Novice: 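The structure under discussion is supplied below as structure tokens; questions concerning it will follow.
On a predicted model such as this, the values are computed, not experimentally measured, just so you know. Quick note: residue numbers are just sequence positions, from 1.
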Amino acid sequence: QVQLVESGGGLVQAGGSLRLSCAASGRTSNTYFMGWFRQAPGKEREFVAAIRWGGSSTYYANSVKGRFTISRDAAKNTVSLQMNNLKPEDTALYYCATKTYGSGLSLEYDYQYWGQGTQVTVSS
């Protein structure tokens with residue numbers, strides 16, 4: 001089992017920045033990718049970004065490309081999401097997720113373990 005705990009959410013004005021962190025514990029040795037998803041009220045959970053744990057490959061949703069940056073600290077078993085130039089449409093509950101197998105990256109069922117989420121609210 002893998003446990004994931006997100007932190008860093010909050011309320012920010014449009015144009016501002018936030019940095020989310022996700023700490024992984026448990027059986028993390030088989031981690032293949034870690035990702036961030038988000039879910040706004042009344043909407044489906046959507047892919048935001050992912051990073052390969054054993055390397056530096058990163059992937060982003062088009063809606064956040066150029067504004068968000070995903071990074072990892074393998075020594076601390078953490079993954080972060082730096083979010084700049086935030087927009088009201090970025091308001092959502094942000095989830096950290098990890099996968100140990102499989103080729104997909106952008107769908108919920110591609111990931112095996114999930115955190116509880118951290119709320120990000122961007123005011124206009």
Novice: Please walk me through it: do N77 and T28 pass side chain to side chain donor-acceptor pair (under 3.5 Å)?
Specialist: CA-CA 8 Å; N77 274 342; T28 61; 3.3 Å; yes
Novice: Are the side chains of M34 and C96 in contact, using a 4.5 Å heavy-atom criterion?
Specialist: yes
Novice: Above 12 or not: heavy atoms from other molecules or residues under 6.0 Å from CZ of R67?
Specialist: yes
Novice: Run the numbers on S21 and T78 for side chain to side chain contact (heavy atoms under 4.5 Å, CB included), then give the verdict.
Specialist: CA-CA 7 Å; S21 293; T78 60; 5.7 Å; no
Novice: So E6 and W36, do their side chains get closer than 4.5 Å, heavy atoms only?
Specialist: yes
Novice: Should we count CZ of R19 as having more than 12 external heavy atoms under 6.0 Å?
Specialist: yes
Novice: Let me confirm one number: the CZ-CD distance from R38 to E89, rounded to the nearest 0.5 Å.
Specialist: 8.0 Å
Novice: Do I51 and L20 sit in the same hydrophobic cluster, where Ile, Leu, Val, Met, Phe, Trp and Tyr count as joined when their side-chain heavy atoms come under 4.5 Å apart?
Specialist: yes
Novice: Between CD of Q82 and CG of L18, what distance do you get to the nearest 0.5 Å?
Specialist: 8.5 Å
Novice: Is it the case that the side chain of K87 and the backbone of S124 share a donor-acceptor pair, with hydrogens and angles ignored and the cut-off at 3.5 Å?
Specialist: no
Novice: Considering only heavy atoms from C-beta outward, does the side chain of Q119 approach that of T91 to under 4.5 Å?
Specialist: yes
Novice: Transitively linked via ILVMFWY side-chain contacts under 4.5 Å: W53 with F33?
Specialist: no
Novice: Got a second to check how far L86's CG is from T121's OG1, nearest 0.5 Å?
Specialist: 10.5 Å
Novice: Are Y32 and V79 in one and the same hydrophobic cluster, where Ile, Leu, Val, Met, Phe, Trp and Tyr link if side-chain heavy atoms are under 4.5 Å apart?
Specialist: no
Novice: Aromatic contact between F37 and Y95, with the criterion being ring centroids under 6.0 Å apart: yes or no?
Specialist: no
Novice: Supply the atom-to-atom distance S106 OG to Y60 OH, rounded to the nearest 0.5 angstrom.
Specialist: 15.5 Å
Novice: Under a 3.5 Å distance rule, please check whether Q39 uses its side chain to pair with a backbone N or O of Y94 as donor and acceptor.
Specialist: no
Novice: Should V120 and W114 be counted in the same cluster of Ile, Leu, Val, Met, Phe, Trp and Tyr side chains packed under 4.5 Å apart?
Specialist: no
Novice: Any heavy-atom pair between the side chains of Y111 and L105 that's under 4.5 Å?
Specialist: yes
Novice: Step through the shown structure and confirm whether more than 12 heavy atoms of other residues, nucleotides or ligands are within 6.0 Å of CD on Q116.
Specialist: no
Novice: How far apart are the closest heavy atoms of R45 and E108, and which atoms are they?
Specialist: CB-OE2, 3.5 Å
Novice: Cluster question for you: counting only ILVMFWY and a side-chain heavy-atom cut-off of under 4.5 Å, with indirect links fine, are L93 and L81 together?
Specialist: no
Novice: How far does CG of L107 sit from CD of E46, to the nearest 0.5 angstrom?
Specialist: 12.0 Å
Novice: What is the distance from atom CZ of R72 to atom CZ of R52, rounded to the nearest 0.5 Å?
Specialist: 10.5 Å
